[in-house]
Every structure is written in C-alpha cells, then in structure tokens.
Asks: 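Sharing a structure with you now.
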Protein chains: 2
Amino acid sequence: MERDPVRAAVTLHDVAREAGVSLATASRALNGSTRKVNDAYRERVLAAAARLNYSPNLSAQAIARGTTTTVALLVADIADPYFSQIAAGVVREADSQGLIVTMAATERDAERELELVRALRGQRPRVMILAASRRDDDPSAEALAAELAAYESTGGRVAFISESGAAFREVRLENRAGGEALARALVALGYRSFAAIGGAEGIRTADDRLAGFRAGLESEGATLDRVVRPDFTRDGGYAGMQQLIADGLEGIEAVFAVNDVMAVGAMSALRDGGLVPGVDVAVAGFDDIPTVRDVTPALTTVRLPLEEIGRRALQLALGEAGDDGTPLATEVVVRASTPARG
Amino acid sequence: MERDPVRAAVTLHDVAREAGVSLATASRALNGSTRKVNDAYRERVLAAAARLNYSPNLSAQAIARGTTTTVALLVADIADPYFSQIAAGVVREADSQGLIVTMAATERDAERELELVRALRGQRPRVMILAASRRDDDPSAEALAAELAAYESTGGRVAFISESGAAFREVRLENRAGGEALARALVALGYRSFAAIGGAEGIRTADDRLAGFRAGLESEGATLDRVVRPDFTRDGGYAGMQQLIADGLEGIEAVFAVNDVMAVGAMSALRDGGLVPGVDVAVAGFDDIPTVRDVTPALTTVRLPLEEIGRRALQLALGEAGDDGTPLATEVVVRASTPARG
DNA sequence: TTGAAAGCGATACCAG
DNA sequence: CTGGTATCGCTTTCAA
C-alpha cells in the first residue's frame, strides 16, 4: 500500500499563477464577496482551480477571516438513540447552512465535559451545543460556566439542550410538563398506583421528568409508591426493574421509566422475570425513540421531536429564530404497553 | 440576553507579553516539544496562560505546523444504530489520541458523499473515514476515488469500512462469511426453506450478506425461495415483510433480513399481520445492534463488533496496527427468534 | 477592477 | 536556552 511521494496541497497561490492573475484576484474570484471580478478573469481562475483540484484551506481562511464555519457538539453518548437523533438534527441543519460539525462525547462525566469544552474552544467554533445531561450537584459546573462565558465573550455562541442552569441560550425541553401529562394520561386509562425508575439522583432531566410525573399523579389523586434510581441507561432500566420485582411488585399497576432506553430494558427485565409487560404491569417511557414502536408491547411514551430539537439548538445558537414562538411539540403517545384498565 | 462587547480572543502574543518573554518562548513553553525552556520561564508562561484563560487557536497551529489534529467521518445516517455505534468507536479512539472528529451524513446519496468529501477536504483532516455504504452501480464512484486519491497524495489517509472497491485502506467486514455462517446455523436448527429481505440491489453490504447466506444454504442443501429488496431501513424491513406476507408466506420457515434494523421492522410487520415471530416464522438479522436483545422474541443475528470497527478504522488510517492479525470477531448469536425446529 | 502588501495566530529556523 | 523573524495559506485594505 505504498503511496506516491507526498506533495504539498495545491494552494491559492498555485491557482493564481496557473490562471495568470494575482493572489488577490484569485481569492476574490473563488471566495470573495459577490461581483467584483471581471468575468473573463473569474472564468480563468475557476478553470484553473478545477484543473488543479484546488481545495481552499479552511484553517487558513478561518485565521484570515477571524471566523470559522464550525459547530461543536457535545453529547453524553453517541450511541444512545436520544443523542444520536439530536446529533442527526444538528448535523442536518449545519449542513444546510454550510457549517461543519465537530462532535465529542462526555461519557456522562462532568470533568470530561469541561476538558472537551476547553479543547473544542481551540477550534474557535462559531457555536457550541451542549446536549450532555446536566447534574445538579456537578462540582465543575462553575468552571464550565466560566469557560463558556469566556468563549461567548470572544464572540462564540453557546446553546444548551435542556437546562443550562446558567445564563446561556437553551432549547428548553418540556420534561416536567411531559411527565405530568403522561401521569394524567395513565390515570385516565385507569391506573392508580405507580412505581418509577428514575436515573441517578441529580440528573436534571431525570429529576424533572420524575417531578412532573409525581405532580401529575398527585393532582389526580394517584400515588407514586416506589422509586428506584439506577443508571440512566438500558442496563440501568433492566436493573431498576429487577429491583422493583425483588422488592415485590404487588400493588403496582404501572411503571414509569424516565426514558425509553431504560423503559425498554425494564420491559426485558419483566419478561425475564416471567411477567408480561402491559398485562401483569404496564410500562411507560419518555422520548419516543424509534425502537419503541418495535418492542412488544409497543411502548407508551412522551414524544420529543429529537431531531427538531437538534436543528433548533443550532438555529438558536446562530441567533436565527428557533427561540421564538412555537414550543416543542411534546405529546403523550399511548400504545399497547399501557392498555386501558377496566 | 445581551453580552459584553466582543473582545478578541487571547493570543499567544498576549500570553508572551503578560509573562514577559518572547513569542517564541511562550510557544515553546506551551506547545513546543519537550524540555527546552527554563523552568522559571516555563512557569511564568503557564501561569500567564492560565490567568488569561488562553486557548491556542487550532487553525493557526494547523497552518503553521502544516498538519491538523482532525479526523473526518462520513456515515450514511447518524441516527441509525449501526452507524452511531461505529461513530462512537471512532470518537472514542480519536479522543484517546487527542484528535477531534468532524462528522457528516451522506443520507445514502452518493453525490452528496462526493460533495462532503470535497468540503471536508478543506479541513485538511489527518484522516478520512468513510463508513457510508458503497453501491456497485455508483456513477460517482470514479470521481470519489479520484478525489480521495488527490487527498491521499497530499498526505491524507483514507479508511473505508466495508469495501472501498478501490485501492484504499479498509476495515473489511465479514459480511459474506457472516451470512454463510448464519445460514448454516439456521439449517442446523432445523430450518429448510427461507426467504430474505435484502435491501436495494447494488448496496454492496447487503449483497454480500445475501450472497453469503445463499451460499451457506446451498452448501447445506437448503434453499432461498424468495427475496425482496426494499429500502435499507426499518421501514424497508417492515415493507419487505408485508410484501412477503402478501405474496404468501406458506412454505417459508425463516426470514433473513440483511440487517437488524430491517429485521426489527420485519418482526413488527409480522405481528401487525397477525403472525408471531419465532413461532409462525423465524426471523434473523445481521449486526447485533443493542435493541435486538429487547425485542420479542430476541433476535438471532450475526454479531459485528461495531464500536471496535470504528476504533480500528481510525487506527488503520493512522497507520498503527489495526490492520494486522486478529480478524474482526464476527459470530452468529442464536436467540429466541429462531427456536430449534423439531 | 486589479495587484501589492499588511496582517491573522502560531511555529520553527537561525543566530546569539 | 532565548529571541527575532520568516513562513504557513488566505483575506482584505489601500493605492494605482
């Protein structure tokens, strides 16, 4: 697999020479603002660029222009459908704006997140989107806020998905309201006693959903009898349900897992425990990730327009609309995992 | 949401001045190769940098050093678990090497892929990883190869996942062998007549898996009685199974979908058609994405170490091992969707 | 319009 | 070791 000797990439200089014009003219013809170059020259430059297969060096442009065309995106876990859908939205929107997305994963570690923000700042991205879940007790929260503030003070734009807990732009998810609506819907279906699988305490998203759910139940006179708090993952959901089973599920009619990934794991735990989800005990989740249509029974959940959220976060950060008007379309989707109860 | 007036970012120049040393010394203290700066100076520079919250401009470094720290990754669809797992692997490996990942989605469009490669080339990434599925009939294949060759001729490194169909490095997936092994395993379980849901003709990955499967069956004296070729997506799988049902499923004992996402859709189509997967007809997939453990019945499939594939692609491109020895651990995983047949 | 030349932020060679 | 300076690739005044 030996290659040709590496020759330097074609530069604008080469193109200019090949076209017989000055560097400045070549620059203008290729990337300069509109209409300022004689058509004949313009043609020659474009032809030369094509002939040489010229590709402008974005780093050089960035440094000369003082601004990049990069978007930095931070998620907790790329393989998690919640984040990958959001990422898909960000990438799509970025693409439609001619921006390039740089992606990093915090692996749910706040320290790592801070390091990543520092590292990513070196790129001088136009915007930074933080989708990784925030925690209340986060010790590095202050340092993160400071870092982001510094970034914004030099022209960067930050957008959070969910709650920033600080003064940054954010796409606010209706976690609490969604939880509440779900609770009401379940009560309306005839359920009265519930358990919840909640994700480690302190994870804002999980706490909000749970708080909303609890509030919804209480407003309807129903009760949340038990809460377990395993990891915020599929296996966490599985373990959480196992624990509920071990502690005795009698009296519990429905279990709410604060996200779909966990709910799906919880359903498997039920099955492995010899119980039938939707029959022996109802299950509901949150997010409406694609797979929940394909599990059995299909999962009742709260739909979040994840891809749209990603796009919107970018728009918001860029300062175009996104912020205004239309709230996110959050809605309860009732499926077979929570059949109406006689 | 008004901000402070935007001031320019801190530059190395500022740090040098603040520390009372020359630009060159500051550079060396901060990023220069090992041990060349007096400790006292070094300390002062580091302190100044910290005080000013200095963040080196990567674009400037790139242009001065003549090399970036960027990895460009192209996938077909970020939200597809197959690609998001691979992406997670690439990002993780990149991270451990201090590299930054730029990601783009081809949306399964070859023209777009070419454009993206062109655009991404402007970043002068150290390596480019192409994971988007190749097609045989791809009209822009030549142009893509040319573009990539140009990229490599200036020092870039390209790595494909699956088959490049050209002279580039690649992480070769055992699609054919996996299909074959699956076929044999199913025959060993007692199945004799099969149908397949194959993904549009020309998609190399799909074709290879199918060809392997067919070969495996034939070597065991079983037959592939029917093949449908819908889209390479969940909905494609659903539609494919619907078609099989409409055409009459009698005589078909098992259905092989060339990837798990399709298989999962296919199972839902069975259910919606009043049939029970694993009982009325067995189903098998390919990839072993996380969700297949949680569908009912759990899906028999061919496991591909997706995250590992991502890491390996990067290593391969960077020229460290990855290539050598150990083939990818591809193995048939039999689950409840293909129970042993009397 | 066009071209010459001054940056942009950082690196690295070359003297001292 | 340290500092001065040329240089990287491109944009953008400033004159012509």
Side-chain angles (χ1 to χ4, degrees), chain A residues 6-45 48-49 52-70 119 121-125 154-156, chain B residues 6-46 48-49 52-70 121-125 154-156:
Chain A
V6 174
R7 52 175 187 286
V10 175
T11 75
L12 187 56
H13 205 98
D14 302 323
V15 175
R17 189 155 29 72
E18 171 89 3
V21 302
S22 76
L23 228 198
T25 299
S27 171
R28 289 188 278 247
L30 255 17
N31 323 301
S33 40
T34 37
R35 309 266 83 192
K36 291 214 95 181
V37 170
N38 176 331
D39 275 351
Y41 277 179
R42 170 181 229 79
E43 301 284 305
R44 277 168 50 192
V45 173
L52 299 177
N53 198 352
Y54 170 71
S55 168
N57 184 321
L58 294 182
S59 291
Q61 290 194 153
I63 189 182
R65 299 213 243 248
T67 165
T68 66
T69 132
T70 302
R121 188 145 81 87
Q123 293 202 70
R124 302 288 182 272
T154 59
Chain B
V6 174
R7 51 176 189 285
V10 175
T11 74
L12 187 57
H13 207 98
D14 301 324
V15 175
R17 189 155 28 72
E18 171 88 4
V21 302
S22 75
L23 226 199
T25 299
S27 172
R28 288 188 280 248
L30 255 17
N31 323 301
S33 40
T34 36
R35 311 264 82 193
K36 291 215 96 182
V37 170
N38 175 332
D39 275 350
Y41 277 178
R42 169 180 229 82
E43 299 285 305
R44 278 168 51 192
V45 172
L46 293 180
L52 299 177
N53 199 349
Y54 169 70
S55 167
N57 184 321
L58 294 182
S59 292
Q61 288 193 157
I63 188 184
R65 298 212 243 246
T67 164
T68 66
T69 135
T70 303
R121 188 147 81 89
Q123 295 202 69
R124 302 288 184 272
T154 59

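Naming: A, B, ... by sequence-line order, numbering from 1 per chain.
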Asks: Can you tell me how far C1' of D/dT13 sits from CZ of A/Arg65, to the nearest Å?
Replies: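 After rounding, the gap between these two atoms is 16 Å.
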
Asks: Of all the choices, C/dG3, D/dG3, D/dT11, which nucleotide is nearest to the side chain of A/Ala64 once you look at every atom?
Replies: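 The nucleotide sitting nearest to the side chain is D/dT11.
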
Asks: Could you check how far CG of A/Leu30 sits from P of D/dC10, rounded to whole Å?
Replies: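 Taking atom P of D/dC10 as the reference, CG of A/Leu30 is at 9 Å.
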
Asks: Does any non-hydrogen side-chain atom of A/Leu58 lie less than 4.5 Å from one of B/Arg124?
Replies: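 With C-beta onward as the side chain, the pair stays apart.
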
Asks: Could you check whether the side chain of B/Arg124 and the base of D/dG9 have a donor-acceptor pair of N or O atoms closer than 3.5 Å, going by distance alone?
Replies: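 No such pair is found, so the answer is no.
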
Asks: Counting only side-chain heavy atoms from C-beta out, which of D/dG3, D/dT11, C/dG9 sits nearest to B/Thr11?
Replies: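 Selected nucleotide: C/dG9.
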
Asks: Does A/Arg28 reach the side chain of A/Leu23, with side-chain heavy atoms less than 4.5 Å apart?
Replies: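 In short, these two side chains do not touch, never coming nearer than 4.5 Å.
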
Asks: Could you tell me the separation between the CG atom of B/Leu23 and the C1' atom of C/dC13, rounded to a whole number of Å?
Replies: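 In whole Å, C/dC13 C1' and B/Leu23 CG are 15 Å from each other.
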
Asks: With the side chain counted from C-beta on, respond yes when A/Val37 and A/Thr25 share a heavy-atom pair under 4.5 Å apart, and no when they do not.
Replies: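 Heavy-atom side-chain distance check passes, below 4.5 Å.
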
Asks: Between C/dT2 atom P and A/Arg17 atom CZ, what is the distance in whole Å?
Replies: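 For the pair A/Arg17 CZ and C/dT2 P, the rounded distance is 20 Å.
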
Asks: Of all the nucleotides listed (C/dT11, D/dG3, D/dT12), which has the minimum atom distance to the side chain of B/Asn31?
Replies: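 Closest of the options to the side chain of B/Asn31: C/dT11.
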
Asks: Quick one, B/Leu12 and B/Ser27 - any side-chain contact, counting heavy atoms below 4.5 Å?
Replies: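 Answer yes - side chains close enough.
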
Asks: Of A/Pro56 and B/Ala24, whose closest DNA chain D nucleotide lies nearer the 5' terminus?
Replies: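 Going by which nucleotide is closer to the 5' end, it is B/Ala24.
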
Asks: If I take atom CG in residue B/Leu52 and atom P in nucleotide C/dA10, what distance separates them, rounded to the nearest angstrom?
Replies: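 So the CG-P distance, B/Leu52 to C/dA10, works out to 12 Å.
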
Asks: Which sits closer to the 5' end of DNA chain D, A/Tyr54 or B/Thr25, going by the nucleotide each is nearest to?
Replies: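 Upstream on the strand: B/Thr25.
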
Asks: Rounding to a whole Å, what distance do you find between B/Asp39:CG and D/dT2:P?
Replies: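 Spelled out: CG on B/Asp39 to P on D/dT2 is 9 Å.
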
Asks: What is the distance, rounded to the nearest whole Å, between atom CG of B/Leu12 and atom P of D/dT2?
Replies: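 Distance check: B/Leu12 CG to D/dT2 P gives 15 Å.
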
Asks: Figure out the CD1/P separation between B/Ile63 and C/dA10, and round it to whole Å.
Replies: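 Whole-Å distance recorded here is 12 Å.
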
Asks: Can you tell me which nucleotide in C/dT1, D/dT12, D/dT2 comes closest to the side chain of A/Asn38?
Replies: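 The answer is C/dT1.
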
Asks: Is any side-chain heavy atom of B/Leu30 closer than 4.5 Å to one of B/Val45?
Replies: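 Yes, close enough: below the 4.5 Å cut-off.
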
